[in-house]
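Take a look at the structure set out below.
Just so it is clear, the values below take in all heavy atoms, side chains as well, and ignore hydrogens, waters and symmetry mates.
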Amino acid sequence: MTLRDQFCGRQSRRRALRNLSVLAGAGLALGGGYGIARHVAASVAGAQAPAVPIDHILLVCQENRSFDTYFGYYPHAGSFGVPRGYTQPDGHGGSVSPHHFFLPFSGDPSHSWQSVHSEWNRGRMDGFYTSDGKTALGYYDSSDLAYYFALADHFTLCGRYFGSVLGPTVPNRLVLWSGTSGGVTTDTLNEGALDYPTIADLLDAHGISWKCYNLGLGNGTFDDLEHFNPLVFFKRWAKDPRLKPDEDDYYADLKAGKLPQVSFLITESLISEHPPADIQMGQHKMGQVINALIASSAWQRSVLFLTYDEGGGFFDHVAPPQLDAYGLGMRVPTLVISPYARRGYLSGQLYEHASILKFIERRFGLPTLASVNHRFDHSTPGANNDAANGQPTGPAFAPRDRYAALGDFYEAFDFSQNPNYYPPLPVL
């Protein structure tokens, strides 16, 4: 069965599968005061892109996995994989080696600002076991991640993509949508609490269509509880109807040829891969979503970025470069999926969450977030900010897209490649 056949045949089963997901969920206890004027573009427009055949950019951000936990033992990881004989200190003069997770779910290591900084240990990367115990040293391999490894075989895997903040989910997702967390380092944030520019502001100001699709259960109702869609934290966007479309809308838009120029695919707890969720459920859902894109008429003009917000407390052996007081954070798995992505390519370019924003800005000729948001150039609010150390203000966190060393993903593409590329991925 081809991916195209799978996509067409699946539509009649979608409601039944959703009902099965509800039953599965029952068994798990898982836990506008500014504007961006159009005239700004004339004076601060980002680098104009050459004509490229990418009209649709899709972004999926999954939860809490480090590169080494997922791809450290990928056969083609090369120098980016876990070194031979790698161990961590046990805190008693001995050492502990990574171990294979025999089940597709695990415990949930602490990944607060404090815990992640202990693991990082000023770049020594030797605090994973002493901070978070044996669970932090678990990894998966091809027997667990066959679909993800197949994506790496056929598209581009990033070996130096780091989370943005040495801390938990919310600050990292804020950077992925806005280029800065504004000093936030905790997951304690209320709906509509923030009021500074995001990528959605740039897209709206320049007439670029966008939409959020909520995969799995619900239609964004729980975004403020799960904090997987950071736009709910921004006053301007918290109630925007474009945050509400669901998975059926995604498939319908694919079939109708109505995919927006930028799509944010938001998962919920059961399929987010956040421990203790079953990673197979998340991988299966990503397979459905990606295979459907490949089978659609939009495929030849699309790229999908699959990344993870932060390392989740799991081990990684590569010390993240420190650009400012907030990070970079731990290295996370990231795949570039497109008929134009370099095939079977392992990229050594430095990336972080702002790199995806840089790609969007460059592709559509937008001003950069760094050029329109100077609010945090010199300091950040002290609230929800561990870096402030209890003071009213904390260190600066200027938008990261001003850093030339951070790639914008253009090197991960070969636009001369034949777009009629339908790789032999597993059919889920």
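- Looking at heavy atoms from C-beta onward, F305 lies in side-chain contact with V336 at the 4.5 angstrom threshold.
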side-chain hydrogen bond (donor to acceptor under 3.5 Å, both in side chains) between T368 and E361, intermediate numbers included: CA-CA 6 Å; T368 66; E361 292 163 353; 5.1 Å; no

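- Aromatic pair F359/F413: ring centres closer than 6.0 Å.
- Between P333 and T307 there is no side-chain heavy-atom pair separated by less than 4.5 Å.
- Aromatic pair Y140/Y148: centroids not less than 6.0 angstrom apart.
- Two residues are said to be in side-chain contact when any heavy atoms from C-beta on lie closer than 4.5 Å; V289 and L215 meet this criterion.
- In this structure the side chain of N291 reaches within 4.5 angstrom of the side chain of Y147, judged on heavy atoms.
- In terms of heavy atoms, L328 sits closest to Q322 at O-NE2, 3.0 Å.
- Under the 3.5 Å distance criterion, the side-chain polar atoms of H56 are left unmatched by any main-chain donor or acceptor of A298.
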Residue pair W237, V232: steps toward the side-chain contact (heavy atoms from CB on, under 4.5 Å) verdict: CA-CA 6 Å; W237 303 113; V232 301; over 6 Å; no

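- Nearest heavy atoms, V116 versus M330: O-CE, 3.9 Å.
- Between the side chain of K244 and the main chain of N214, no donor-acceptor pair closer than 3.5 Å is present.
- With contacts defined as side-chain heavy-atom distances shorter than 4.5 Å, the pair H99/K134 qualifies.
- Residues Y139 and H100 place their aromatic rings such that the two centres sit under 6.0 Å apart.
- Within the structure, every pair that satisfies the salt bridge (Lys or Arg N to Asp or Glu O under 4.0 Å) test and touches residues 407-428, not counting sequence neighbours, is listed here: R362-D408.
- Residues forming a ring pair (Phe, Tyr, Trp, His ring centres under 6.0 Å) with F376 (at least two apart in sequence, or on another chain): Y196.
- Using a 4.5 Å cut-off on side-chain heavy atoms (C-beta onward), F315 and Y86 make contact.
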Considering only distance and modelled atom types, tabulate donor-acceptor pairs under 3.5 Å from the side chains of residues 70-79, sequence neighbours left out.
{"residue": "Y70", "atom": "OH", "partner": "E273", "partner atom": "OE1", "Å": "2.7"}
{"residue": "Y74", "atom": "OH", "partner": "D153", "partner atom": "N", "Å": "3.4"}
{"residue": "Y74", "atom": "OH", "partner": "D153", "partner atom": "OD1", "Å": "2.6"}

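- Partners of S112 according to the side chain to side chain contact (heavy atoms under 4.5 Å, CB included) rule, which considers only residues two or more places apart in sequence or in another chain, are S110, Q114, S115.
- When side chains are defined from C-beta on, F314 counts as touching R65, because their heavy atoms get closer than 4.5 Å.
- Counting only N and O atoms by type, the side chains of E352 and S164 include a donor and acceptor under 3.5 Å apart.
- A donor-acceptor pair under 3.5 Å is formed between the side chain of D246 and the backbone N or O of D249.
- Contacts of F105 classified as ring pair (Phe, Tyr, Trp, His ring centres under 6.0 Å), with partners at least two apart in sequence or in another chain: none.
- Partners of F162 under the ring pair (Phe, Tyr, Trp, His ring centres under 6.0 Å) rule, at least two apart in sequence or in another chain, do not exist in this structure.
- Each side chain to side chain donor-acceptor pair (under 3.5 Å) pair with one or both residues in residues 177-190, not counting sequence neighbours, appears once here: T185-D386.
- Ionic pairing of R236 and D195 is not present here: no N-O contact between side-chain nitrogen and carboxylate oxygen is shorter than 4.0 angstrom.
- S347 and T156 get closest at one heavy-atom pair: CB-CG2, 4.3 Å.
- Applying the side chain to side chain contact (heavy atoms under 4.5 Å, CB included) rule to H154 yields the partners Y421, P423, P424, L425; only residues at least two apart in sequence or on another chain are considered.
- Judged by distance alone, the side chain of N172 and the main-chain N or O of P168 form a donor-acceptor pair under 3.5 Å.
- Listed by first and then second residue, the salt bridge (Lys or Arg N to Asp or Glu O under 4.0 Å) pairs that reach into residues 305-330 are R173-D309, D316-R331, D324-R400, sequence neighbours excluded.
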Evaluation steps, side-chain hydrogen bond (donor to acceptor under 3.5 Å, both in side chains), between D68 and S66: CA-CA 5 Å; D68 279 349; S66 71; 6.0 Å; no

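- Applying the side chain to side chain contact (heavy atoms under 4.5 Å, CB included) test to P104 and every residue at least two apart in sequence or in another chain returns D278, I279, Q280.
- Within the structure, salt bridge (Lys or Arg N to Asp or Glu O under 4.0 Å) pairs that include any residue of residues 104-123 do not occur (at least two apart or interchain).
- Residues passing the ring pair (Phe, Tyr, Trp, His ring centres under 6.0 Å) test with Y351 are F409, sequence neighbours excluded.
- A pairwise comparison of heavy atoms in I271 and T267 identifies CG1-CB, 3.8 Å as the closest pair.
- No side-chain heavy atom of N385 sits less than 4.5 Å from a side-chain heavy atom of V184.
- Here R242 pairs with D204 in a salt bridge; the nearest charged N to carboxylate O distance falls below 4.0 Å.
- The two atoms that bring S302 and I54 nearest to each other are O-CD1, 3.6 Å, heavy atoms only.
- Scanning both residues, Y326 and G183, for their nearest heavy atoms gives OH-CA, 3.6 Å.
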